[in-house]
Amino acid sequence: MTNYVLLNNVDHKDLKIINTRSAEYGDNVMFAMTFPFEFRNIQSCYPIFFQKNADTGQLYPVALFGFQEKENLFLNDDGWDASYVPLMIQRNPFLIGFQEVKGEQGAANKQRVVSLDMDSPRVNESEGESVFLEHGGRSEYLEKTSDILEAIDNGYNNNKDFVNTLLEYELIESFTMEVTLNDGTKNQLLGFYTINEETLQNLDGEALGKLNSNGCLQPLFMIIASHSRIKTLIEKKNRQAL
Amino acid sequence: MVNAVKQIVIVGGGTAGWLTAGVIAAEHCQQPESTIKVTLIESPDINPIGVGEGTWPSMRSTLQKIGISETDFFRECEASFKQGSCFSGWVNGAKDDRYYHPFTPPHGFEDTNLAAYWQAAREQISFAAAVCPQTELCNRGLAPKNISTPEYAFNVNYGYHLDAGKFALYLRKHCVEKLGVLHLLDTVVAVNSSDSGDIKSVSVSTGFDVAGDLFIDCSGFAALLIGQHFGVEFCSKKEFLFNDTALAVQVPYQNESDAIASHTLSSAQKAGWIWDIGLPTRRGVGYVYSSTHSSDEGAEVELRQYLSETSLGVDSDSISLRKLKINPGHRQKLWHKNCVAVGMAAGFLEPLEASALALVEQSAKMISEQLPANREVMDVVSKRFNEKFLYHWQRIIDFLKLHYVLTQRQDTAYWRDNGQSASIPDSLQELLSLWRYQVPWHLDAPLIDELFPAASFQYILYGMGFETQNHPERSTSATKSMRNANSLFQENAQRTLNLLGSLPTNRELINKIKQYGFQKI
């Protein structure tokens, strides 16, 4: 379970965060949300697909780490074995939230606030990175995390625009991937969505121009390039089966 | 081409008119090479009846074909999900007397007839619950899908409840703005014939004539073209279906968050039955009854009684009633010369099983798919159209009457008279005697596009407690399928449990559609 509270330098002055990557700390996830601005880094390590938010039905891009629930093929005894760890993983156990603040004329404004999950096993007072400096100032680690949270917050809106544009051009389709391992066992990947490459190839110049000016064209091809990483996942899975 | 059909003129702008316009225009008017024009003349003086608030699952594919987004449809038309009908008090009038006719056919219906195997277990579980998850879903007011299910797709089959007035307006907007239907807000004052007896044009009140090659009469009970102009005979069916009057009301919810029923509730009364349809912001309720068996005052007392029992916290006594007259029956021909009638102009029986809009959709579909290229072949198409739809009308009469004839109720003359054999069509009597010994199955339905498949007959028969003395153990194929049947029953039970755990309520999902919308994929 999660227990999010607003971060402050009084209650949390001695707080430390363990940044080790392992199943013990909840890194055994099959996928994580990703954002167009980090696609370049993501595609060098992970395949990118789309998922639907079960609560809203809205599509969002994800980086895939495994073929079944709780499987993260990038985790090993030494941590997370990849050159780039997605922002949605790096931000743990912090979350960006909003608080209504009364402005000068009494108008309610929404302000970004940082919260953290007090139930996360990463949160403690003895081990890991300090959140605040000795006299209550923000640590370099917290500054970095705040930047990540801000990027994620912008990323949510980027994702909405990106997905809506792709849907408008009917560029997203549902798909089922069947992966056969060396030992003959089969894994089926259900409930994910991908780029309809045939539709993409048949787009005319005007459509491509629009996608480009919207900033959607490059991430689109990043996604397609990322699919060569499926092979990486299969290799990892095969090695694990040995 | 000689006498090519190019101008299609629809007279009447209710749901029937706009649905027909939409289906035809979406198919025939969207290409640069298209030569067909659809014009719809709608009288500003006539209000649509606007109580047709239930649809079949076929409406999903109709809307999709017309190019309507399901999200917009929900947002604009006060729509909610309908998974079937629940009949309360039809068997014996006891407190627990209710059964379902769900939209999903029995599990494995393609090749296994579970009704045959259910007979042995009939005391333990209702037929509908044994073969379909929707009974349980409806009992809990659950939706037939999730917000992540794509638009028009489903976890279990569904149609809609909707606000008929808003639906007609929404269809009009879509037809005019997206499909290029020409809309004339004017009243038809004269029908002008050509030498051959065809309709050449109709004159409108602003003083000009609208010429056409094919005229579609969607003018409702007035039946301006098929009835008033051509005088095609009207065949009353009141000898079989007694209901000829309806009192309709709109009932607000007490709270914004009140549950929205996932089915049409049909409650049997002394001289007819009450429909109860849940929309997001109100219920639509009405008593349809036989004026031979009840006075209007008596019916109003019964309806108000029902409202006070079912609308806690709502001042139901102050709700005003609207009275509608029904003349149950249909035209002896639906397509005459260059004029075809769709909707109430073609006929109407009664609201039971909401067949009216389904017939409109079927009619529009056949007119569109078989649209005669010219006047010469129109008579071939019209002959086939008449054969098919007269058959449909007869089957609907049989199916509706089936709901009444199996009752054990003897408490009023209405129910006793419904059991009189003179009031039962011969075709239905034949089927009933057959079904004493064999369960309804695919071959009972001769047409490929049958309106009511054998599954529907099964749900009503066995919901009403009808007994079929069949012996699957004596037949080679049925014995072989026995094991399969048992696993189908188990699968249905398991699937029901899974769905109960994963589906939101109707209200929750409708709120989410308004907030987020469905995805196309």
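These values consider heavy atoms only, across backbone and side chains, with no hydrogens, waters or symmetry-generated copies. Computed from a predicted model, the values in this text were never measured in an experiment.
Taking the ring centroids of B/Tyr160 and B/Tyr158, they lie under the 6.0 Å cut-off. Aromatic ring centroids of A/Tyr46 and A/Phe74 lie under 6.0 Å apart. Side-chain rings of B/His107 and B/Phe489 stay apart, their centers remaining 6.0 Å or farther from each other.
Using a distance-only test at 3.5 Å, with no hydrogens or angles considered, no donor-acceptor pair links the side chain of A/Asn72 to the main chain of A/Asn28. With A/Ser228 contributing its side chain and A/Ala225 its backbone, the two residues share a donor-acceptor pair below 3.5 Å. Checked by atom type and distance alone, the side chain of A/Lys52 never pairs as donor or acceptor with a backbone atom of B/Ile147 at under 3.5 Å. Between the B/Gln30 side chain and the B/Ala25 main chain, a donor and an acceptor come within less than 3.5 Å of each other.
For a heavy-atom cut-off of 4.5 Å, chain A lies close to B/Lys512, B/Tyr516, B/Gly517, B/Gln519 in residues 509-519 of chain B. Contacts between residues 60-75 of chain B and chain A, defined by a heavy-atom separation under 4.5 Å, are made by no residue at all.
Within the structure, the ring-ring contact (aromatic ring centres under 6.0 Å, His included) test picks out the following pairs touching residues 190-225 of chain A (sequence neighbours left out): A/Phe31-A/Phe192.
Looking at B/Pro150, the atoms closer than 4.5 Å to chain A (heavy atoms on both sides) sit in the backbone and in the side chain alike.
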All N/O donor-acceptor pairs, side-chain side in residues 168-179 of chain A, below 3.5 Å, sequence neighbours left out:
{"from": "A/Glu173", "atom 1": "OE1", "to": "A/Asn196", "atom 2": "ND2", "distance (Å)": "3.4"}
{"from": "A/Glu178", "atom 1": "OE1", "to": "A/Gln188", "atom 2": "NE2", "distance (Å)": "3.3"}

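The aromatic rings of B/Tyr170 and B/His174 sit tilted relative to each other, their planes meeting at an angle between 30° and 60°.
Among the candidates A/Asp55, A/Leu59, A/Leu167, A/Thr56, the residue making the largest number of heavy-atom pairs closer than 4.5 Å to chain B is A/Thr56.
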